[in-house]
Amino acid sequence: MSVRSGRFRLYAAVAGGNFRRFATYRTATLAGVFTNTVFGVILAYTYIALWDERPGLGGYDQAQALTYVWLGQALLMAMAAMGGGFETDLMERIRTGDVAVDLYRPADLQAWWLASDLGRAAFHLLGRGVVPMIFGVLVFQLTLPHDPLTWLATLLAVLLGVVVSFALRYLVALSAFWLLDGAGVAQVSWLAGTFFSGLLLPLHVFPGALGEAARALPWSALLQVPADVFLGRHTGTGLLAVYAFQAAWAAGLLALGRALQGLAARRVVVQGG
């Protein structure tokens with residue numbers, strides 16, 4: 001077995017292990033499904049009132065706006081736009097110094113946590129995302145794609161969004177190497193993710209330069225881009241363009257995280273020496 005194949009099997013096992021770990025929290029999952037559904041209902045009726053007053057707001061009709069709401073609830077935990085992923089654990093390991101052991105392991109630190117986060121995201125997409133979406137379809141008038149390729153295109157956009165989300169939160173976690181407490185950075189990231197991902201309102205609703213800036217930031221890859229793909233707003237070359245947008249942010253942020261990881265590793269070695 002080649003080294004590359006062995007590493008792939010290792011990271012696949014990490015992802016699968018984290019999926020199973022989250023699957024053991026059945027009560028928390030049921031509570032999360034209930035919370036997502038209730039919050040979705042509140043948002044849906046808020047959107048109904050808003051779109052009754054402003055039909056076509058942001059280029060969406062009311063059914064598309066409601067679809068956006070329930071897709072957002074389906075992706076809320078998978079994307080971890082409001083935090084709640086691996087970053088708290090990693091920051092704690094940095095704070096206690098246990099990360100030094102991780103850095104000396106043959107497995108790459110960034111790849112290990114990425115695999116772990118992909119397992120978490122996969123569970124939340126299935127465990128906490130499907131039921132709220134089904135509820136939204138049954139209770140409200142939504143716009144669903146008829147073409148299976150659109151569903152597949154959305155899944156790819158979701159996967160790229162999860163990687164962007166991980167890369168952002170990895171940077172947040174690494175800040176603990178230079179700060180006594182990374183909680184402040186995490187809170188700022190949580191606020192930015194809530195506002196600029198489109199979780200509260202579609203970014204197309206934001207006016208002028210604010211809307212253009214919001215759509216250009218990496219957080220838009222988490223919800224706004226997958227939602228627009230799902231609603232058929234991106235097709236053909238436009239679809240390739242949004243994939244390139246997500247992939248570029250993912251690659252750039254991962255590269256930045258790897259560079260900071262290298263600096264942090266040298267810092268640990270110096271202090272250990």
Side-chain angles (χ1 to χ4, degrees), residues 19-85 118-159 161-162 165 190 193-195 197-205 219-233:
F19 183 100
R20 291 189 295 273
R21 180 171 74 90
F22 277 93
T24 61
Y25 302 127
R26 296 184 180 89
T27 302
T29 299
L30 290 174
V33 168
F34 176 78
T35 302
N36 281 25
T37 304
V38 171
F39 190 58
V41 170
I42 295 171
L43 267 182
Y45 280 108
T46 302
Y47 273 46
I48 289 172
L50 182 58
W51 260 259
D52 281 342
E53 291 294 322
R54 297 283 302 278
L57 182 63
Y60 300 99
D61 61 30
Q62 189 174 91
Q64 290 174 325
L66 291 173
T67 305
Y68 184 94
V69 167
W70 289 104
L71 188 63
Q73 293 308 298
L75 297 179
L76 177 63
M77 288 302 295
M79 291 299 176
M82 300 170 64
L118 288 174
R120 176 206 60 81
F123 172 78
H124 282 310
L125 184 63
L126 297 173
R128 287 187 59 168
V130 172
V131 173
M133 189 68 184
I134 292 175
F135 178 89
V137 169
L138 295 176
V139 177
F140 297 90
Q141 182 180 353
L142 306 188
T143 301
L144 300 179
H146 298 292
D147 185 359
L149 292 178
T150 302
W151 290 86
L152 292 176
T154 303
L155 283 177
L156 179 55
V158 168
L159 175 60
V162 169
S165 172
W190 170 72
T194 302
F195 187 76
S197 68
L199 184 61
L200 299 178
L201 278 173
L203 301 182
H204 297 293
V205 173
W219 291 280
S220 66
L222 278 57
L223 174 56
Q224 185 65 63
V225 170
D228 283 343
V229 172
F230 187 79
L231 292 170
R233 292 172 69 105

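- L200 meets the side chain to side chain contact (heavy atoms under 4.5 Å, CB included) test with T194; sequence neighbours excluded.
- Of the possible polar contacts, none joining the Y60 side chain to the Y68 backbone as a donor-acceptor pair under 3.5 Å is found.
- Rounding to the nearest 0.5 Å places CG of L125 at 10.5 Å from CG of L159.
- Between the side chain of W51 and the backbone N or O of L66 there is no donor-acceptor pair closer than 3.5 Å.
- Residues forming a side chain to side chain contact (heavy atoms under 4.5 Å, CB included) with A74 (at least two apart in sequence, or on another chain): M133.
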Subject >> Stepwise side chain to side chain contact (heavy atoms under 4.5 Å, CB included) test for H124 and L76 >> reply: CA-CA 9 Å; H124 282 310; L76 177 63; over 6 Å; no

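- Note: T67 OG1 to Q62 CD = 10.5 Å, rounded to the nearest 0.5 Å.
- In this structure, V33 and G127 approach most closely via the heavy-atom pair CG2-O, 3.3 Å.
- The distance from atom CD1 of I48 to atom CG of L50, rounded to the nearest 0.5 Å, is 11.0 Å.
- Listed by first then second residue, pairs satisfying salt bridge (Lys or Arg N to Asp or Glu O under 4.0 Å) with a partner in residues 35-50 number zero, not counting sequence neighbours.
- Counted within 6.0 Å of CZ on R21, heavy atoms from surrounding residues, nucleotides or ligands total more than 12; the atom is thus considered enclosed.
- Between L203 and Q224, the shortest heavy-atom contact is N-OE1, 2.6 Å.
- Residue T150 comes nearest to F230 through the heavy atom pair CG2-O, 3.8 Å, listed as atom of the first residue, atom of the second, then distance.
- A distance-only check finds a donor-acceptor pair linking the side chain of R120 to the backbone of M77 [under 3.5 Å].
- Under the 4.5 Å side-chain criterion, counting only non-hydrogen atoms from C-beta, D228 is in contact with H204.
- Remark: of the listed residues V41, L43, N36, T37, L43 is the sole one forming a side-chain contact (heavy atoms from CB on, under 4.5 Å) with F39.
- Every residue meeting the side chain to side chain contact (heavy atoms under 4.5 Å, CB included) condition with S165, not counting sequence neighbours, appears here in chain and number order: A80, R169, L222.
- Considering all non-hydrogen atoms of both residues, P226 and T154 come closest at O-CG2, 3.9 Å.
- The side chain to side chain contact (heavy atoms under 4.5 Å, CB included) search around F123 returns F19, F22, A23, T29, not counting sequence neighbours.
- Contact detail for R233 and G59: the closest heavy-atom pair is NH1-O, 3.3 Å.
- When all heavy atoms are compared, the tightest approach of V162 to M79 is N-SD, 3.6 Å.
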Could you give the side-chain donor-acceptor pairs of residues 138-147 under 3.5 Å, partners two or more places apart or in another chain?
residue : atom : partner : partner atom : Å
D147    : OD1  : L149    : N            : 3.0

